[in-house]
Amino acid sequence: MTAQHVVLVGLMGTGKTTVGKRVARELGREFHDSDADIENREGLSVREIFEARGESEFRELESALLERLLVSDVPLVLATGGGVVLAERNRRLLKGSHHVVWLRATVDTLDSRLRVTKGAGRRPLLDGDLRERLETLSRDRSDLYQDVATSTIDVDGLDSERVCDLVVACVRGDQQ
Ligand code: S3P
């Protein structure tokens with residue numbers, strides 16, 4: 001039977017990978033990072049896939065991976081790419097039976113984090129004016145994250161340890 005997975009969604013820079021690793025450790029579950037899985041399978045970075053094959057092909061790879069992971073009968077923790085909610089087929093898969101946690105952050109938080117970590121460099125959708133890109137993505141996607149989320153955590157000002165605790169509490173709370 002398909003397991004109930006913990007799936008982290010949210011914009012780039014919200015900490016899905018860092019938090020997801022911690023949550024997996026805490027819950028004793030296997031961890032998957034969507035971008036890393038795609039990069040390992042294709043032998044190319046996300047940026048190289050965007051540049052060589054285009055965003056639509058990246059989205060196909062992302063949807064196919066999501067489908068494969070969500071049918072696992074082993075309960076996983078999955079950090080998704082920020083754009084996973086764009087495809088209706090992905091939203092349908094996410095909705096209903098999993099713990100889908102939206103890590104929500106203000107544009108101010110994301111802007112400063114991505115500048116400090118230089119995290120924009122490997123993210124093709126952040127090329128150009130970082131703040132303007134983040135504002136657009138946040139405006140366009142907030143309703144989509146809301147649509148799939150079973151819980152929402154405002155991560156502004158919180159470190160990954162605290163966010164991890166909140167995610168674990170959401171998951172355990174849902175199970176009661
Ligand atoms: C994207 C987010 C990235 C990666 C790709 C596109 C997006 O993942 O999948 O650059 O559309 O928001 P992270 O959210 O893990 O950075």
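Start at 1 and go down the list; that is how both ligands and their atoms are numbered. Quantities reported herein were computed from a predicted structural model and do not represent experimental measurements.
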Report the C-alpha separation of Arg104 and Asp156 in whole Å, then their side-chain angles, then the decisive distance to 0.1 Å, and conclude whether the salt bridge (charged side-chain N to carboxylate O under 4.0 Å, His left out) test is met. CA-CA 8 Å; Arg104 183 169 62 184; Asp156 305 288; over 6 Å; no

Pair Asp35, Phe58 - check side-chain contact (heavy atoms from CB on, under 4.5 Å), show working. CA-CA 10 Å; Asp35 289 343; Phe58 173 79; 3.6 Å; yes

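Each of the following atoms of ligand 1 lies closer than 4.0 Å to a heavy atom of Pro124: 10 (O). Against a heavy-atom cut-off of under 4.0 Å, Val46 is close to the following atoms of ligand 1: 5 (C), 10 (O). Taking a cut-off of under 4.0 Å to the non-hydrogen atoms of Gly81, the atoms of ligand 1 that pass are 8 (O), 9 (O), 14 (O). Distances below 4.0 Å separate heavy atoms of Lys16 from the following atoms of ligand 1: 13 (P), 14 (O), 15 (O). Here is the list of ligand 1 atoms found below 4.0 Å of a heavy atom in Leu125: 7 (C), 11 (O). Of all atoms in ligand 1, listed by their number and element, those nearer than 4.0 Å to a heavy atom of Phe58 are 9 (O).
With Lys16 contributing its side chain and Gly10 its backbone, the two residues share a donor-acceptor pair below 3.5 Å. Between the side chain of Thr80 and the main chain of Leu8, a donor-acceptor pair closer than 3.5 Å is present. With hydrogens and angles disregarded, no donor-acceptor distance shorter than 3.5 Å links the side chain of Arg41 to the backbone of Leu65. Panel note: side chain Ser142, backbone Arg139; no donor-acceptor pair is recorded below 3.5 Å.
Every heavy atom of Arg133 sits 4.0 Å or more from the atoms of ligand 1.
In terms of polar-atom proximity, Gly83 is counted as a contact of ligand 1, with an N or O under 3.5 Å from an N or O of the ligand.
Residue Glu39 does not touch ligand 1, judged by heavy-atom distances below 4.0 Å. Contacts with ligand 1 closer than 4.0 Å are made by no heavy atom of Arg122, backbone or side chain.
Between Arg47 and Asp127 there is a salt bridge, with a side-chain nitrogen of the basic residue lying less than 4.0 Å from a carboxylate oxygen of the acidic one.
Checked against Leu76 for a side chain to side chain contact (heavy atoms under 4.5 Å, CB included), the options Glu30, Arg29, His98, Gln4 give a single hit: Glu30.
Within a 6.0 Å radius of CZ in Arg68, other residues, nucleotides and ligands contribute more than 12 heavy atoms.
Nearest protein heavy-atom contact of atom 16 (O) of ligand 1 is Arg123 NE, 2.6 Å. Atom 12 (O) of ligand 1 has as its closest protein heavy atom Arg141 NH1, 2.7 Å.
Proximity annotation for atom 8 (O) of ligand 1: of Thr14, Leu126, Val9, Asp35, Asp35 comes nearest, heavy atoms only. Across the listed options Arg47, Glu62, Met12, Arg59, Arg59 owns the non-hydrogen atom lying nearest to atom 11 (O) of ligand 1.
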